[in-house]
Every structure is written in structure tokens, then in C-alpha cells.
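Order of the sequence lines fixes the chain letters, A, B, ..., with proteins taken first and strands second; residue numbering starts at 1 for each chain. None of the values given here were measured: they were computed from a predicted structure.
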There are 2 protein chains.
Amino acid sequence: MDSSITPHLACARSRQRRIADDYAPPYPAWSARIDPAVERVVMANYGVQWRNPADALRALAHARDLHATLDATSGARHVDLARYVDEAGYDTLVVQPYWTDPSAFRRWETRDEVAALRSAETGLGHFREILTPTVDRLETLYSTEDEMEGIGRALATRSPPVQEHAYWGSARDRFPIAQTDALAPGGQLGFTVASSGHVTVGGHANIAIIRSGQDWGPTSGEERRLYLEEIEPVLRAGMDFLRDRGGECGCYVNRYMRIVDLDGTPQEKSFGWSYWRSLADMEGWSEGHPTHLAIFGTFMKTVQALNFDLKLRLWHEVYAVTPEQQYYDYRNCHAETGFLKQLPR
Amino acid sequence: MDSSITPHLACARSRQRRIADDYAPPYPAWSARIDPAVERVVMANYGVQWRNPADALRALAHARDLHATLDATSGARHVDLARYVDEAGYDTLVVQPYWTDPSAFRRWETRDEVAALRSAETGLGHFREILTPTVDRLETLYSTEDEMEGIGRALATRSPPVQEHAYWGSARDRFPIAQTDALAPGGQLGFTVASSGHVTVGGHANIAIIRSGQDWGPTSGEERRLYLEEIEPVLRAGMDFLRDRGGECGCYVNRYMRIVDLDGTPQEKSFGWSYWRSLADMEGWSEGHPTHLAIFGTFMKTVQALNFDLKLRLWHEVYAVTPEQQYYDYRNCHAETGFLKQLPR
């Protein structure tokens, strides 16, 4: 059976997988394959933040202006636009482009019109959260065979059904680097605060990030009802817990986000976006915390009720980055925004 | 923080634990400590089986006769008596003595009165299922600090709170032998059928066995109600699944048993007793099967409702044995009894 690890990234393991070689998962799932020519990807978040509903259209216009620069010449391979309300009650739109070529990203970000948008004095809050992992530091999983999402759209190629899923710890086993590395956290967050209030945050070693998505567009009938009435409220409660109390289990930031059209209309797609002290902390919440076990248990109950025949599309991408592979800055944002919440005070 | 592995059994790991060294479990649990003088334990099951309710007293008398031989001179360190109804509707009583000295076990079993009981023609079914693991092939966990159960009573000494628990895969990490061994299954079950119908079964490498207990005697009020009305029915459904369909996930045999007094009166203690193709199969059901996730999820929900203040006592012991460390025989038992269910026909 095929491994989730793209063949050219496989190496002799010094760290074992949790499964035996003859393990067969009870249902199929797929990962994105990585072209050998791709050494590093870029996953960027450009956030615009506001509190006063009167600012919503201006924020959307800003996001659209940025989105418009992500044309074919930008080299971006995929772009999402998503919205959430954060723990302080601020509304936020985030433009999320993906590149498979860091130099294309750098050329795009230094274009005049992009630089102008990034430094524009709008009165709104602005942040950048940018991940540039080497390809051994990411893993993906998709529950359906039809199409991928997020980084999978940027990477474009899908694996055969993979062996490393449907067991706790499988995310780690899908990481190429985890063949030989424990991905232990190291060092500290670093904060550089300018007199303007602009804050730059340096991440520590092996911060783990997950984008975990749901697409209920294809569902109907009883499955749709079960998703919206049974699963989603439990998912939301778990997302709220991580947002408000995630620090208890190593979660720095959590956002439960909704994909929106360029006019702001919500699509039937959502995702959690979170930063963790380490992959082990993420595993700990996922495997052991009542709020996640409730999500998982409710989902499993539903899967049984529907006799394992689901149209619901689930997927995720996970990154574990070195200090050099992450960059965060916040301009005119409130003090609980993203990593600012971790600023000692 | 202390390891579940008794210090003299610790060695340099070639197989990593799932946790980082600084992992701290969210609540305490304890393991039995193993005296360096103990190299091997014996966990025996002497079953007496009947179908006609009129035979119940005779079966109990047989079990009591055997139990009476397990006196101080037998060397048995602990004895339980338990009852269950199996998948074919047969009633069964099992005497379960533990030794920490295999030679004492052999001396006891070859005593004249014991040999006579073992070969008695009662018209009832009789089976022996005997495990003689070396101490590197067992692990234990207890949720409360008051007293241990099963093999813990035989081993007598308790550890400080241990690090390896409250995460999936922790059972494996508590096995001394798993420091360096994957405990992969190997070989086949072997059956020797005598013309008398007496069947002897040879186990294959790394069959895994769990005794997983519940003691609701100390509970009261809301906790007792939640255990009996919420948790126990879900536990029973999971036990029924393993009994009837366990083969789908590598479970050879499952019995949901009730501890009884010597007069057959049920105590407020139960346990599951099951044989598995491998520890990995046991992990797979535990971590992934809806029936176990339902048990786990219901328990976690209850734990939250009770604000983590539980009187319920939970415990287990797990073994993973070599072919030489297991012995099973069946005399006058129905064809679905224990390992007989696996006999090719």
C-alpha cells in the first residue's frame, strides 16, 4: 500500500511509524504528492481586521485589492479568502495565497502595488502570517477522491490511497521529516515592538500549524441535517474552546473560519486554522481532550448512522516549521490578535 | 516523572515512546511495580461451562472445589472468581489465580486433588487458558491510588504516578519489551484434536490479552447513576460487538465478566477479558472503532460532568506472549468456546 510520503522524500527511518507494515486502514484517504522540483512552499495569511460594522466594506475592498494582485503573473498556485470573528469580537478577512516557488512569492510581495497595499494607512488592523516550510515539513490528507483543497490545489497531484491514516499519530507518520526527527519544540517566541506599535514576532522551532477543512456543499438530506445539527455545533464548541482556552493545551491561536466569495458571501466551506507549540501538543488535544473527542465521537456516530457513505468532504494540511520558516507581523491590530496574545506584559 | 516501566526493566530504547520527555499527563494513574526477584508470572483461567440452569449449582461446586485448593500452600498470590454468558448462550464460571512463581504454579497444578478436579468427568465443559509471561511482557494501569486489582494484587507494590498514560499508544509504551520490540504477530494458531474431543490450542507469537476492569462499588449518587445508566450500556454494547464480531478487527475472544462471591453473588466489579491477534489489533479497535470510541467518549463526557472527581475505579492488565507463554485446552466444551471458534472447519 502506498505511503503518504512522496517517494522521493522517503528515507531510512530512525523513528518508527505507529503502524505495522501490514496495516490496512478501514476506509480510504489521499494525500497530495510533491513534485521533486518543489523544495519549499509558501502559505501566507494577509489579514485585515475591523470592529465597527461600518468598516466591513472598506476591509473587503482592501482584501479584494490584494486578491486582485494574485493573478497568473504572481505565481500563486491557489488563493482562498476567508472570514472569522475573533475572541475579542473583531471581524477579520484573510487572503490566503499559496506558492510552490518562494522566489515567485518574494517577487510578488515586493511589487509596488503589493508593497503599497501592505503599508497602506487604512485605520484598519493588518497582519501577515507567512509560512515557508521545506516540503519535508508538511503533510496533507483528503477524505474524498474528487478534488483537493488548500496546499493540495497548489501541489496539484494526488497520491493513491495512503496507508498512514485512521489512527492516532498518523499525522506525524505522514511527515517526511518525522522519519528521523521528533519535531520537539525549541526556543521561545520573540517579539520586536516598534514605537509605531508595529509588532514582529519570531517563531520558535517546530511550531505546528493545521488548516483543517470541512465542505458540506455536496451533502443533502439526512447527511446535511446531521452535519449542520449534530456535528457542526460540536465542532464549533471545540473551536471556541481552542480560541478561548487553547493555551491550556499548547494552542497559541485558533480561528474557525468561513470561506467567502470575493463579495463576502459565505460558501459552504469552513476550516480551523491554528498555531501550536508543537505537533505533540496538537496530538495531545486531538487524542485526549474532551472537546476534540466529542467532535470525533459525534462524527463517528454520524458516519455509522450513514453507513459510511458520506458526501461531506474533510481535509487538512499540517506544517511544522523551523524558526526561519515562519514570519508574523501585526500593524494596528488589537492586543489579542494572533501571536500578540503571547506577548509578555 | 516516573516511568511505568519498573526501573530494573528499563533499557536503551530502539523504539521511541509516543510522548516527548517533558510530557505531563492531565491526571494521575499508577502501575504495579515488579520485584526484581520475579521473572515470570502465571495468570490462569479455569473455566467450567454449562447450559442447563439445573447444572449451575454443580458448576459452582466444581469452581469452589478448585478455589479451595488455592490456599496459602498453593503459592497463588491472588484469586478471582468470575462469571459470564458466552456468545452461544452458555453460562461459565472461571477461577482466575495468579502466581509470581511458575514453579509454585506447577507444583499446585500437579497436586493429586487438583489433577483429579482437572480431569473429573462432570458432564460439564472445562477449559484451561494459561498465560506465563516473562515480566517484560506485561503492563498494568490503575486509575485510583487505593488498591490494585488482578496481577497488581499478586505483584503487591505500586509505582508513583506514571508518565505513560492518557494518550493513545500508552499501553505499548508501558511494556518493557516494547522498548526494543514491535510485538508483531507471527505464526499461526495450532490445534490438536484428540478422539475424545479434547482440544489443545497452541498460540502464535505475540497474541495480546487484556483484562480491563471496572469497580463501581465506591460510587454513589449522580456518579453511580451516570455509570449504570450512561457508561455501562455503551461498555456492554462494545463488549457484545467484540464477542460477536471481534474477528473483524483481530479479536479472537471476548468475555464481559462479572466478579462473583464464592456463593455466586455478583459483586459490583466487572471486567472484559479478551485475546487479540496482536497488540496493534487491540490498539486499532481501541483507537479507531466506533464501538470503543463510543465507550471512551461517553466516559469522557461523564468525567467532565463530574468535574474529574470520580470514585469509579478503572484498571487493566495487558500481556503479549510468546508461543511458549500460553496454553489453552478445552474438554467437553461447545465448538464456539474460546479459541475453538478459530478452529478451521
**Asked** Is any residue of residues 231-249 of chain B within less than 4.5 Å of chain A by heavy atoms, and which ones?
**Response** none
**Item:** Considering all heavy atoms, the nearest A:Arg15-B:Arg17 contact
**Value:** NH2-O, 4.3 Å
**Prompt:** With no hydrogens and no angle check, is any side-chain donor or acceptor of A:Trp168 less than 3.5 Å from a backbone partner on B:Gly169?
**Reply:** no
**Item:** Contact origin within B:Ser14 toward chain A - heavy atom pairs under 4.5 Å
**Value:** backbone
**Asked** Just checking heavy atoms, which of residues 18-27 of chain B are less than 4.5 Å from chain A?
**Response** B:Arg18, B:Asp22
